[in-house]
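Bear in mind that the values here come from a model prediction, so they are computed numbers and not experimental data. Per chain, numbering begins at 1; letters A, B, ... match sequence-line order.
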Number of protein chains: 2
Amino acid sequence: MSNGTTSRRDQIRIAAEELFRTRGYLATSMRDIADKMKLSGGGSLYAHIAGKEELLWEIASDAIEAFFAAQMAVLASDLPPVEKLRQAMIAHVTVIMSRLDAAAVYFDEWRHLGDARREEFAARRDEYEKRFELLIHAGVACGALNAPDERFATLYALGALNAIRRWYRPDGRLSPDQVAALTADAVLRGLIG
Amino acid sequence: MSNGTTSRRDQIRIAAEELFRTRGYLATSMRDIADKMKLSGGGSLYAHIAGKEELLWEIASDAIEAFFAAQMAVLASDLPPVEKLRQAMIAHVTVIMSRLDAAAVYFDEWRHLGDARREEFAARRDEYEKRFELLIHAGVACGALNAPDERFATLYALGALNAIRRWYRPDGRLSPDQVAALTADAVLRGLIG
DNA sequence: GTCTATATAATGATAGAC
DNA sequence: GTCTATCATTATATAGAC
């Protein structure tokens with residue numbers, strides 16, 4: 001909501017996000033979510049949401065739009081190819097670190113979506129990742145990067161970035177900015193040869 | 001088994017491995033496993049195994065021992081630090097690519113183990129990963145690597161390696177050896193700065 | 001909006017016939 | 001070893017009182 005309050009529906013989504021990350025979607029029951037909301041029995045949730053899978057979909061699609069939004073801002077900028085790639089990578093891992101719960105759904109739990117939504121999600125994610133491939137291609141084309149296999153380079157880069165979600169914790173030793181810079185630089189060195 | 005046959009128990013484990021990867025542990029029922037074995041109803045499985053979680057444990061512990069075995073062979077060798085690290089990384093990703101189903105359990109599904117086994121697994125995995133950190137430390141100590149934060153370097157390296165399991169397929173464009181070499185080299189460049 | 005009670009379906013596991 | 005039948009449990013979701 002635009003004011004300082006969060007709707008009941010958003011509170012449910014936030015509770016679900018955290019449980020979906022810590023236990024997994026299938027291991028989280030509607031009663032678990034209700035418990036976290038201090039409601040007695042899962043029935044009350046259905047006054048706000050249509051069902052469990054709808055909750056998963058809302059989290060997944062919200063997450064992917066967060067990645068897109070962060071990426072768009074970088075793509076719109078006027079930077080040299082490699083610096084643009086670097087900024088896109090930093091934007092990507094920043095979304096991961098600032099939205100760890102949603103990122104878990106984005107990376108792992110989305111596969112439990114129903115067929116139609118799962119395919120829609122995968123297509124949109126492919127679209128997002130394709131733009132990284134284009135950034136890498138631009139870097140190779142201008143001679144700043146040396147990646148003989150651009151497809152592999154993209155998979156390598158995204159894989160290295162996405163792994164952050166497995167160990168980064170907000171109360172950890174390194175700040176998000178430090179993690180982002182260290183990771184983006186390590187990936188870029190790998191892509192320069 | 002030492003001869004050319006596989007025991008019924010092993011057949012069950014192999015069927016379970018594949019289902020645990022493609023659907024996830026919780027989304028796989030004993031009936032699903034029985035279907036894949038062309039058995040009618042999940043009941044027959046219990047003549048061979050004690051239960052579903054025991055199956056998960058068997059796969060998880062077998063996978064971690066495969067990683068250890070591959071790593072041991074490299075550690076026992078007499079190579080300079082960075083080359084030893086390179087070979088350990090290649091051994092690691094080779095296990096992943098040759099055992100994709102088991103790797104899915106090793107990376108994702110082990111969390112559904114019961115408390116005792118889950119903790120035992122995590123401790124053994126930490127032990128395994130610690131040896132990568134020691135290899136990186138040795139590389140830094142001899143001046144061949146430039147990793148100001150060795151803990152981060154270890155997490156970065158393992159993350160980049162482990163990501164392979166998400167996209168590598170045996171019938172893909174690149175051979176396992178190519179993927180292993182490309183990945184290990186990219187990681188090493190990232191660690192040399 | 002939340003509560004309790006419940007309908008309906010699926011699950012892991014067991015028992016006993018063959 | 002495999003089969004069928006079944007038990008106990010748990011799940012999502014709904015209904016109706018308040």
How would you list, by chain and number, every residue that makes a side-chain contact (heavy atoms from CB on, under 4.5 Å) with A:R31, sequence neighbours excluded? A:S29
Kindly list each side-chain donor-acceptor pair under 3.5 angstrom involving residues 150-163 of chain B, sequence neighbours excluded, with atom names and distances?
residue	atom	partner	partner atom	Å
B:E150	OE1	B:H137	ND1	2.8
B:E150	OE2	B:H137	ND1	3.2
B:R151	NH1	B:E133	OE1	2.9
B:T154	OG1	B:E150	O	2.8
B:Y156	OH	A:Y156	OH	3.0
B:Y156	OH	A:V187	N	3.4
B:N162	OD1	B:H92	NE2	2.6
B:N162	ND2	B:L158	O	3.1

Check DNA chain C against residues 35-54 of chain B and give the residues with a non-hydrogen atom under 4.0 Å, in numerical order. B:G43, B:Y46, B:G51, B:K52
When you measure from the side chain of B:Y25 to the backbone N and O of B:V105, does any donor-acceptor pair fall under 3.5 Å? no
Name all pairs fulfilling the salt bridge (charged side-chain N to carboxylate O under 4.0 Å, His left out) condition that reach into residues 182-193 of chain A, sequence neighbours left out, sorted by first residue then second. A:R86-A:D185
For A:R13, which residues count as a side chain to side chain donor-acceptor pair (under 3.5 Å) partner, sequence neighbours excluded? A:E17
Within the side chain of B:S44, is there an N or O that forms a donor-acceptor pair under 3.5 Å with the backbone of B:L39? no
Would you kindly give the CZ-to-P distance between B:R31 and C:dA9, to the nearest whole Å? 15 Å
So does B:R9 pair up with B:E54, basic N to acidic O under 4.0 Å? yes
Terminal contacting nucleotides, 5' and 3', DNA chain D versus chain B (heavy atom, 4.0 Å): D:dG1 to D:dT6
Do A:R124 and A:E65 meet the salt-bridge criterion of a basic N to acidic O distance under 4.0 Å? yes
